[in-house]
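Only one structure is covered here, and it is reproduced in the block below.
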Amino acid sequence: MEPTHTASAAVQGTVNRRLSGKDLINIGIFSALYFVLNFAFMLMSGLHPMIWILMPGLIALTTGIPFMLMCTKVRKAGAVVIMGFITALIYFVTGMFTPLILGMMAAACIVAESIRWVTHYSGFAGETAAFAAFSLGMCGSPLPIWIFHDSFFAQIASQGMSADYITTLDAFSSTPMLIVLFAAPVVLAVLGALIAKALFRKHFEKAGMI
Amino acid sequence: MKSIRLDPRTLIILLSTASVVAFLPKGLGVEIALVSACALLQVACGYPTMAIKWSVGFVVLVVLLNAVLPVLPITVSTVFTISLTYARKIYLCLMVGALAIRSTTVHRFTTALQSWHIPQTFLIPLSITIRYFPMLKSEAGHIRDAMKLKEIPPSQRIECFTVPLIMSATMTADELSAAAVTRGIENPIASTSTERLRMHIDDWLCLAGAVVLCVVAIALA
């Protein structure tokens, strides 16, 4: 029902821009899938600083499916912002989001929405670029290691860690690591989008779900 | 003593003040004062067990960070120092968050956001997401059970789990849309609610207390 509707609307050149009730429900459901995957990696990131730094990338790798599916189903402005809003709000209410991540998420959503708008909400390349931009939002989580570097390490030092140890730990807050933090989501988002595409081809298109 | 019931808006503002002080450099004394204040709030709201759990948690965390990790071999402490230090920094947010989740419902929460003029376009998907979590869990359980009946090679496990899950999510979205549209989800007029939210004197007292603590913490930083 949905594909024929959008196709005919596109032909007429008058795509209904407002989100319908059905769109809102689709966004809600796929945001739930997105959040669960996101949360799983958030919990895992406590195991090792390296996992934390790679967390935004790992989330991008695995959430390609819900994000791309939502983009296919809701070809309208606002879908990505709502997904970001839901994620940020749930994290904020549970106390796990600081203003820094909220800001990063908001910026990432705006960039992703702009990319989708420019690419007319269609085409694999455009949606992938939007997904990469959206994935960068989670970089705000480990970012305090760099931004609040002094406060962070002052506390670690005051906890009685040896200077030797702090030097080891400081390696995680180096500039190369900062580059890894921001490069990983972009690279892995592309990979995640490709996985999603392959899976859609193999299973969902045949079943007529897209 | 009758326990107080905070307005969800108060809890959201408390969370914001907690995240303001999160990354400030704080002395142990200030930290203890803030954690105690949060614990007292949890008690006042009628959750003494929660308050005890979080207070003990804080003591354990500080002991771990100050006494246990420094004597452990470097390879072990590298693993935990950053995440535990981070947890200690956002501990207040986690405490208020735990209280927010236990003491308020999704309905009250969305009503509060509605009173701040957050549009329905955001609130409908939000309610759907939160209410879909338990369904997602049971669905995942069913798929896992079904997978156990068949010998599925490990290389295919992820795919065999993901595909039916996404299929069911898509199907749920379709069915739910049909039901919701029938019940008038697309009605442009603001929906009414049986929930009447009002800021009480307790709410204002809590907020005043939070602001005072916040200012003191900033002044001492």
Side-chain angles (χ1 to χ4, degrees), chain A residues 19-33 35-36 45-49 52 65-66 69 73 78 81-83 85-86 89-90 92-100 144-145 147-148 150-152 154-156 158-162 164-165 168-169 172 199 202-204 207 209, chain B residues 11-12 15-16 18-20 22-25 65-67 69-70 74 77-90 92-98 100-101 109 121-122 124-130 132-133 136 159 162-163 165-167 169-170 172-174 176-177 180-181 185-186:
Chain A
L19 291 165
S20 66
K22 190 187 165 104
D23 293 332
L24 296 181
I25 287 168
N26 268 312
I27 297 169
I29 299 265
F30 291 116
S31 297
L33 287 170
F35 185 84
V36 167
S45 67
L47 295 176
H48 195 275
W52 198 19
I65 298 166
L69 200 51
K73 295 227 160 211
V81 169
I82 297 174
M83 189 183 245
F85 166 80
I86 292 173
L89 193 76
I90 299 177
F92 176 71
V93 171
T94 52
M96 283 180 272
F97 258 31
T98 52
L100 186 66
I145 315 183
I147 297 201
F148 302 108
D150 296 338
S151 152
F152 225 90
Q155 182 172 330
I156 292 175
S158 77
Q159 283 159 186
M161 290 296 182
S162 64
D164 190 30
Y165 171 76
T168 321
L169 211 57
F172 287 111
L199 212 61
K202 191 171 167 197
H203 297 282
F204 302 141
M209 305 201 75
Chain B
L11 288 162
I12 295 174
L15 269 167
S16 314
S19 50
V20 167
F23 286 97
L24 285 178
L65 283 168
N66 284 337
L69 284 182
I74 285 190
S77 45
T78 315
V79 178
F80 298 108
T81 308
I82 288 194
S83 53
L84 289 183
T85 305
Y86 188 75
R88 183 175 171 181
K89 291 244 176 236
I90 62 166
L92 284 179
C93 305
L94 296 174
M95 280 181 90
V96 182
I101 287 174
F109 196 71
T121 332
F122 285 81
I124 293 170
L126 176 70
S127 321
I128 303 262
T129 302
I130 297 172
Y132 188 62
F133 287 141
L136 196 59
E159 193 178 343
T162 317
V163 173
L165 195 67
I166 301 279
M167 290 267 190
T170 317
T172 309
D174 287 347
L176 206 58
S177 314
V181 170
I185 201 176
E186 287 176 327

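Only a predicted model underlies this, so the values are computations on that prediction, with no experimental measurement involved. Residue numbers start from 1 in every chain, and the chains themselves are labelled A, B, ... in the order their sequence lines are given, proteins ahead of strands.
In this structure, chain B has a heavy atom under 4.5 Å from the side chain of A/I65, while its backbone stays farther away. Contacts between B/S127 and chain A at a heavy-atom distance below 4.5 Å are absent for every atom of the residue. With a 4.5 angstrom heavy-atom cutoff, A/F92 touches chain B via backbone and side-chain atoms both. Heavy atoms of A/I147 lying under 4.5 Å from chain B are absent altogether. In this structure, chain B has a heavy atom under 4.5 Å from the backbone of A/L47, while its side chain stays farther away. Heavy atoms of A/L100 lying under 4.5 Å from chain B are absent altogether. Residue contact with chain A, scored on non-hydrogen atoms closer than 4.5 Å, involves the side chain of B/I101 exclusively. If you measure heavy-atom distances from B/L92 to chain A, you find no contacts under 4.5 Å at all. Contacts between B/I12 and chain A at a heavy-atom distance below 4.5 Å involve backbone atoms as well as side-chain atoms. Using a 4.5 Å cut-off between heavy atoms, B/L11 does not touch chain A at all.
Looking at every heavy atom in both residues, B/E186 comes nearest to A/S20 through OE2-CB, 3.3 Å. Pairing each heavy atom of B/L94 with each of A/T94, the nearest pair is CD2-O, 3.7 Å. A pairwise comparison of heavy atoms in B/M167 and A/H203 identifies CE-O, 4.2 Å as the closest pair. Considering every non-hydrogen atom in both B/S177 and A/K22, the closest pair reads OG-CG, 3.4 Å.
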Check against side-chain contact (heavy atoms from CB on, under 4.5 Å), A/F172 and B/T81: CA-CA 12 Å; A/F172 287 111; B/T81 308; over 6 Å; no
Intermediate values then yes/no, side-chain contact (heavy atoms from CB on, under 4.5 Å), A/F204 and B/V163: CA-CA 8 Å; A/F204 302 141; B/V163 173; 3.8 Å; yes
B/F109 and A/V93: CA distance, side-chain angles, deciding distance, side-chain contact (heavy atoms from CB on, under 4.5 Å) verdict: CA-CA 10 Å; B/F109 196 71; A/V93 171; 3.2 Å; yes
Derivation of the side-chain contact (heavy atoms from CB on, under 4.5 Å) call for A/L24 and B/I128: CA-CA 9 Å; A/L24 296 181; B/I128 303 262; over 6 Å; no
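A distance of 9.5 Å separates CD1 of A/I29 from CG of B/D174, quoted to the nearest 0.5 Å. How far OG1 of B/T129 is from CD1 of A/I82: 10.0 Å, rounded to the nearest 0.5 Å. The structure places CD1 of A/I25 at 12.5 Å from OH of B/Y132, a figure rounded to the nearest 0.5 Å.
Contact of the A/F35 side chain with the B/L136 side chain is not registered, since no non-hydrogen atoms from C-beta on lie closer than 4.5 Å. Residues B/I166 and A/L199 are not in side-chain contact: their nearest non-hydrogen atoms beyond the backbone lie 4.5 Å or more apart. For the pair B/Y86 and A/P144, the minimum side-chain heavy-atom distance is below 4.5 Å.
Ranking B/I124, B/T85, B/L24, B/T162 against chain A, the residue ahead of the rest is B/T85, based on heavy-atom pairs under 4.5 Å. Your options are B/P125, B/A100, B/A22, and the one with the most heavy-atom pairs under 4.5 Å with chain A is B/P125. Contact count against chain A (heavy-atom pairs under 4.5 Å) is highest for B/C93 among B/A180, B/A18, B/A67, B/C93. If you tally non-hydrogen atom pairs under 4.5 Å between each of A/S31, A/A32, A/G21 and chain B, the highest count goes to A/A32. Between chain A and the residues B/A87, B/G97, B/P70, the largest count of heavy-atom pairs under 4.5 Å involves B/P70.
Residues B/T170 and A/K73 bring no donor and acceptor atom of their side chains to less than 3.5 Å of each other.
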